[in-house]
2 protein chains.
Amino acid sequence: MARPTPAALKPRKSPRQARSAVTVEAIHTAAIQVLLAEGVGRLTTTRVAERAGVSVGTMYQYYPHKEALMFAIIQGHIGSIIDAMLEAASALSGQALAQISDGLVATWLDIKTEDIAGSRATYGLAAEFDISELVRREGERLACVLENLLISASDAQVVNPQAAAFMLIAVMGGAVRNVLEQGALDAEIAILRAELPLVCRAYLASSSRIRSGLAIVRQA
Amino acid sequence: MARPTPAALKPRKSPRQARSAVTVEAIHTAAIQVLLAEGVGRLTTTRVAERAGVSVGTMYQYYPHKEALMFAIIQGHIGSIIDAMLEAASALSGQALAQISDGLVATWLDIKTEDIAGSRATYGLAAEFDISELVRREGERLACVLENLLISASDAQVVNPQAAAFMLIAVMGGAVRNVLEQGALDAEIAILRAELPLVCRAYLASSSRIRSGLAIVRQA
DNA sequence: ACCTGAACACCGTTCAAGT
DNA sequence: ACCTGAACACCGTTCAAGT
């Protein structure tokens, strides 16, 4: 099962002239438009090229295959999510553990529910082929920042910040995805908004000691 | 976006003779074999039919389209997972909340990690088309049982058992999926095994009162 | 009652030919 | 240096013809 390497997913060549930069951009936005308007199942190279106003051949000059195009879309989507989380993290640095937890969850939920159609489309797109490499890389980048954020907490010391950061991402990301992917009813999102902060807060509290060094009694 | 209704996903007709029952079964197992041996991307009707020793036409007599075939596979997979969880639930009924939580998490992790290749293949398959209907139905069935299980806890009373059951499924399911889908490194699974029980236990403890009616002080 | 497989529409991808 | 679009291999699905 020879999977394309990440390198193979990058655009085939960089545009050297102004018009080709326009072409690349047109293809990219056309792909997003088709995705949102017609769904993953109807996202075909022909349709994208038509919408972008170029021929299929032109598309293949910049994206070696369809996957590269999808990869670019997902990369943009994930990138903006990570950026928003990094920004939130820097604003939360040094606050109390509960505030940090609540802030992260709120940011995550805001990003994902602000454009539910877009989020769902991206989940579907991501599933179409192997983006585990990208998700892993970006996930690790975020995990690293979250780890330091947890360490910065003013009132408590997370015992294993690395594991906690990893779990926070897995739990927040997974739970929200689970709900959004299966219909995303308003009632379900409401439960998520009410309960996910509790999940993360309780987890972090139970995995930390107060700053003085005295252990909190674990609720068993 | 006309999605096929669940009814349209069912086998087209029931086999009326012994040999056709054999044919249906052969197609079903052939599909699983192709999926595991060649991956989702190479799971084609032609290949499945060839492996099953029938023609494509025959396949279409029992499965109205490829999706119906994939649906059958996923249904079997999810069904066995739910069954295992229901069994675990009945064994845990009436125990302490922490035991219930740990038992559920352990069962879930065991099922999912016991056959990682199969789990990953199913995630990929599930993503190929819309199974939200099925996932929702089975999820609700499980949620209902978990709700009663939480209520049965001997030492504590979960304040909102319905929401807690929903979240438990979202968190367990989502977190494990997140990790398995992106490579499932041994180190990551180890973190999951160590931390996921803490996540669920801490959440349930913080969302419950002890049976006497006295409130546990929330760790804020 | 069940099975076959050529035929059809559509997809991703290529490449000789153009400007 | 960039673009075109007919051509190719392959896919899901159908249906007239067989047993």
Side-chain angles (χ1 to χ4, degrees), chain A residues 1-4 8-28 30-31 34-35 38-73 124-125 128-130, chain B residues 1-4 8-28 30-31 34-35 38-73 124-125 128-130:
Chain A
M1 284 196 268
R3 297 256 180 218
L9 289 174
K10 291 194 193 153
R12 165 168 292 174
K13 68 177 181 182
S14 320
R16 306 208 173 274
Q17 295 188 1
R19 61 172 164 157
S20 47
V22 171
T23 301
V24 169
E25 188 51 32
I27 294 170
H28 190 260
V34 171
L35 174 65
E38 312 223 34
V40 195
R42 290 175 63 81
L43 180 66
T44 68
T45 51
T46 317
R47 245 183 287 266
V48 170
E50 190 182 18
R51 179 137 204 160
V54 298
S55 76
V56 259
T58 299
M59 217 197 85
Y60 277 87
Q61 252 188 337
Y62 301 102
Y63 299 93
H65 37 244
K66 191 189 169 190
E67 286 197 4
L69 182 56
M70 307 202 300
F71 192 86
I73 297 175
L125 195 60
E128 282 263 306
F129 70 115
D130 193 0
Chain B
M1 280 197 271
R3 299 256 181 219
L9 289 174
K10 291 195 193 151
R12 166 168 289 177
K13 68 176 181 182
S14 321
R16 308 209 172 273
Q17 295 188 3
R19 63 171 162 157
S20 48
V22 171
T23 301
V24 169
E25 188 52 32
I27 294 170
H28 190 261
V34 171
L35 174 66
E38 313 223 34
V40 195
R42 290 176 62 80
L43 179 67
T44 68
T45 50
T46 318
R47 244 183 288 266
V48 170
E50 189 183 20
R51 178 136 204 161
V54 299
S55 76
V56 258
T58 298
M59 218 197 85
Y60 277 86
Q61 252 188 338
Y62 300 104
Y63 298 93
H65 37 244
K66 191 189 169 191
E67 287 195 7
L69 181 56
M70 306 203 299
F71 192 85
I73 296 175
L125 195 59
E128 283 262 308
F129 70 114
D130 193 0

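Lettering of chains follows the sequences in order, A, B, ..., and the numbering in each one begins at 1. Hydrogens, waters and symmetry mates are skipped; everything else that's a heavy atom, side chains included, is used.
Contact annotation: B/Tyr62 side-chain N/O to C/dC3 OP1/OP2 distance is under 4.0 Å. Remark: B/Tyr60 is not in phosphate contact with D/dT14, judged by side-chain N or O atoms under 4.0 Å from OP1 or OP2. Residue A/Thr23 places at least one side-chain N or O under 4.0 Å from the OP1 or OP2 atom of D/dC3. Side-chain nitrogen and oxygen atoms of B/Thr58 include none within less than 4.0 Å of the OP1 or OP2 phosphate oxygen of C/dC2.
Figure legend. D/dA17 is base-paired to no nucleotide; pairs are counted as Watson-Crick or G-U wobble with both atom distances under 3.5 Å. Of the nucleotides present, D/dG12 is the one that pairs with C/dC8 by Watson-Crick or G-U wobble criteria, both distances under 3.5 Å. Figure legend. C/dC3 is base-paired to no nucleotide; pairs are counted as Watson-Crick or G-U wobble with both atom distances under 3.5 Å.
In this entry the distance linking CD of B/Gln61 with P of D/dT13 reads 15 Å, nearest Å. Per the geometry, CE belonging to B/Met70 stands 11 Å off C1' belonging to D/dG12, to the nearest Å. If you measure from atom CD of A/Glu50 to atom C1' of C/dG12, you get 16 Å, rounded to the nearest angstrom. Regarding A/Lys66, its NZ atom lies at a distance of 17 Å from the C1' atom of C/dT14, rounded to whole Å. Summarising the geometry, the separation between CG on A/Leu69 and P on C/dC11 is reported as 15 Å, rounded to the nearest angstrom. One can place CE of A/Met59 at 14 Å from C1' of D/dG5, the figure rounded to the nearest angstrom.
Heavy atoms of A/Thr45 sit under 4.0 angstrom from at least one base atom. Using a 4.0 Å heavy-atom cutoff across all strands shown, B/Val56 reaches at least one base atom of the nucleic acid. Heavy atoms of A/Arg47 sit under 4.0 angstrom from primed sugar atoms or phosphate atoms, though from no base atom.
The side-chain heavy atoms of B/Val24 and B/Tyr63, taken from C-beta on, include a pair separated by under 4.5 Å. At least one side-chain heavy atom of B/Leu125 sits less than 4.5 Å from a side-chain heavy atom of B/Leu43.
Tested against A/Thr45, the residues A/Glu50, A/His65, A/Met59 include a single side-chain contact (heavy atoms from CB on, under 4.5 Å) partner, A/Met59.
Closest to the side chain of B/Val54, from the set C/dC3, C/dT4, D/dG12, is C/dT4.
Minimum heavy-atom separation, B/Arg47 to B/Arg42: NE-O, 2.7 Å.
The closest donor-acceptor contact from the side chain of A/Arg51 to the backbone of A/Val34 lies at 3.5 Å or more, if one exists at all.
Ranked by how close their nearest DNA chain C nucleotide is to the 5' end, A/Thr46 and A/Gly57 are led by A/Thr46.
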